[in-house]
Amino acid sequence: MALVFAGICSHAPGITGRAERAEPTIRDAFYAELDRMRRAIEDSGAEALVVVAAEHFANFFMNNMPAYAMGMGEDYEGPIEDPDWLGIPRTTIPGNPDLSKRIITEVMQSVDVAYAQEWKMDHGIMVPLHFLTPKYDLDIIPVNINCQGPPLTPLSRVWEFGRALRRACDAVPEKIAVVGTGGISHWPATPNSGKIVEDWDRDYLDAWVANDKDRLLAYSDEDTLKDAGQGGFEIRTLTAISGLCEGARGDLWFYAPIPIFSVGCTVASMDIIPHVNDMAAE
Amino acid sequence: MALVFAGICSHAPGITGRAERAEPTIRDAFYAELDRMRRAIEDSGAEALVVVAAEHFANFFMNNMPAYAMGMGEDYEGPIEDPDWLGIPRTTIPGNPDLSKRIITEVMQSVDVAYAQEWKMDHGIMVPLHFLTPKYDLDIIPVNINCQGPPLTPLSRVWEFGRALRRACDAVPEKIAVVGTGGISHWPATPNSGKIVEDWDRDYLDAWVANDKDRLLAYSDEDTLKDAGQGGFEIRTLTAISGLCEGARGDLWFYAPIPIFSVGCTVASMDIIPHVNDMAAE
Amino acid sequence: MSLYYVQKLLYNLNRDTAVQSLFRTDIDALLGQYKLTDDEKSWLKNGDVGELYIHGVNGQILMHYAAFIGHEWDEYIQAMKDGLEKHGQVRDGIYRAVDGGAGGAV
Amino acid sequence: MSLYYVQKLLYNLNRDTAVQSLFRTDIDALLGQYKLTDDEKSWLKNGDVGELYIHGVNGQILMHYAAFIGHEWDEYIQAMKDGLEKHGQVRDGIYRAVDGGAGGAV
Ligand SMILES: [Fe+3]
Ligand SMILES: [Fe+3]
């Protein structure tokens, strides 16, 4: 039918893997907002959830690194990491290859996605799913935007990807939820792990809530690396949701730096208003 | 510096692997035009050759099938096939990772290519190289357009890929040659191998020589499969050269159906005229 | 037909000498690494190119498997023609035969 | 530093139980499958997370290798800090340390 829910959330492995080391009050407030998002997705009647994530060398390596990839499998495995390390048991996640194929085919009219009939999900998708579909009973379509190995896709193309995904969601008869998941400023898995620049994060989130295309596309990779760390490249997954919901406003449900989770933990939704799509007119 | 040569040629494995089974007169006339293309590339002063090919499950499978991929390796291996079967000895092909990276980064501004730091070349690239750079002394940048596993990239995006590659060639200081290589009508590796529809081929080549964008983009995959076989999907590699040389005219050097080579064997060049690039104006 | 995994096994076989060794020394171990039906396993063990073809294996993958198990080019083409004759048209994938699989250059 | 192949080996190690077995039973055979320098081989054999880090291995790949060879999270972070202290700033890749590698949550 259409896009029925859009939002963003964090996915750092510490969120589940180092849960007991976080300050309980702030951690539980974060978890509560993730649970609120689970209810919002359920209430939307979504029949499938597209997760726009930044994976971390689970499926994609520099021997064939797509800028954008989408899953087209019957089902998926996850997590690829040690379940004890991540704090999430290994499981099978349902896919929907027919729906995937229809969405991918439409996205391909303007954005050149790779497709994958297999996918081992890492924390980038498993952490969100652990909170958003804890019974693994909703069809998932995984999406990856390469945020790890340069050359990286430019933010202008990320915006176009969001727009293409919206066009595809609105073209299928099913109700579709989309969640973008990635970090804002962070230096994950480095000696600086836990360093978070709250001002940088809040500035980005201000632009995101306002859905200010000019501000969102003005970030350069050079500045992001310098000011927000390697993890900052993952803003691509969040900016994709801005393109998906072009013209609409966001609502920030939660933001707090939680150093042992290595990132400023974020939960937010975006309004859904009709999309003016120039492709349809072409 | 700029694009200095553009052309197309066939790549069927029979061209080298079943050479002795072809009618010698027609075969040698075909080989002579391939050799003419070798000289044209040498005379152009090209410092690198970009080969826009359709590979056949040598590097890319449906576990991560990019619509467009470009090589960024130090060097490459080939052929991946049995050298006796293909009639080309196994060798190392020089790459240029720095040049590749600059070209890929520019292409990525408008087309979402995957990059690959390794690449095992199959007949789709090895057969052209065997004739065009027989000493393997020219830096090669391999490109793949997925023509094998649907969903396939639409022809309108193929055109945009050609345009993006042109912008990238014109942005680097090096002189670049580009050759597109793929079949026209053919049913390779099936019981119908050797079936060739000369009328269909000539109609496509007419549109290619005229660089008639409307005609070239009007082919549908359904019709192509029905009228020109699975191998017909490889027109993407030829149409990419039309986008690369938008506005210029082609020159058909050779066309003849050679059934034991499974394809209408083709050699052609395209003029190079200045490209009006809207990206630069943006 | 779990066409995806049949093709994936053959894709890996075509490009990886370690997989080729395992195919020759312990084919059951190799087949066990993929989600395959018993029929698919037997076609792969017995080199049944005709069955693999009519069940949709892409010719660009299949022809190298045929060469690997010792088929000359003409034998490969004939094996597919025999498969069509015995079992009828290709059921899956995009490598369907036309003209009833007649003609072609062998 | 043939960073590409060091990372590729670790990428495969992280995702493939057969590679993990080979790492444990015949590490030289595993290392022999990749184009590596003698230094790189010794870092991988000796679990030298500090050297691998300062030579540019991406943390998203390195942290799983560290866990695989038995490092707890804090030990992994400390090994990188020790590498920085001993050898100086990261030479390659994008996972450079900032603030001299100080701070962070362990
Ligand atoms: Fe991440
Ligand atoms: Fe081909």
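Computed from a prediction, not measured in an experiment: that's the story for all the values here. Every chain is numbered from 1, with letters handed out A, B, ... down the list of sequences.
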| message | As an exercise, state the distance from CD of Gln230(B) to SG of Cys147(B), rounded to the nearest 0.5 Å. | response | 12.5 Å
| Could you state the interatomic distance from OH (Tyr204(A)) to CD1 (Ile235(A)), rounded to the nearest 0.5 Å? | 5.5 Å
| Can you tell which of Pro150(B), Gly73(B), Ser156(B) has the highest number of heavy-atom pairs within less than 4.5 Å of chain A? | Pro150(B)
| request: Against chain A, work out which of Phe61(B), Phe161(B), Phe60(B) has the most heavy-atom pairs shorter than 4.5 Å and name it. | output: Phe60(B)
| Which heavy atom in Pro151(A) sits nearest to a heavy atom in Thr105(B), and how many Å separate them? | CB-OG1, 3.6 Å
| request: Check whether the side chains of Ser242(A) and Trp208(A) place a donor and an acceptor atom closer than 3.5 Å, and report yes or no. | output: yes
| message | If only side-chain N and O atoms count, and only distance matters, is there a donor-acceptor pair under 3.5 Å linking Ser110(A) with Arg163(A)? | response | no
| request: For the residue pair Asn64(A) and Asn59(B), establish whether any side-chain heavy-atom pair is separated by less than 4.5 Å. | output: no
| field | Which of Pro154(A), Ala67(A), Gly71(A) touches chain B most, by non-hydrogen pairs under 4.5 Å | value | Pro154(A)
| Side-chain donor/acceptor of His11(B) to backbone N/O of Cys9(B), under 3.5 Å | no
| query | Where does Met72(B) contact chain A at under 4.5 Å (heavy atoms): side chain, backbone, both or neither? | reply | side chain
| request: From the options Leu129(B), Asn96(B), Thr133(B), select the one residue that forms a side chain to side chain contact (heavy atoms under 4.5 Å, CB included) with Leu138(B). | output: Thr133(B)
| remark: Contact list (residues 111-123 of chain A to chain B, heavy-atom gap under 4.5 Å, by number) returns Val111(A), Asp112(A), Val113(A), Ala114(A), Tyr115(A), Ala116(A), Gln117(A), Glu118(A)
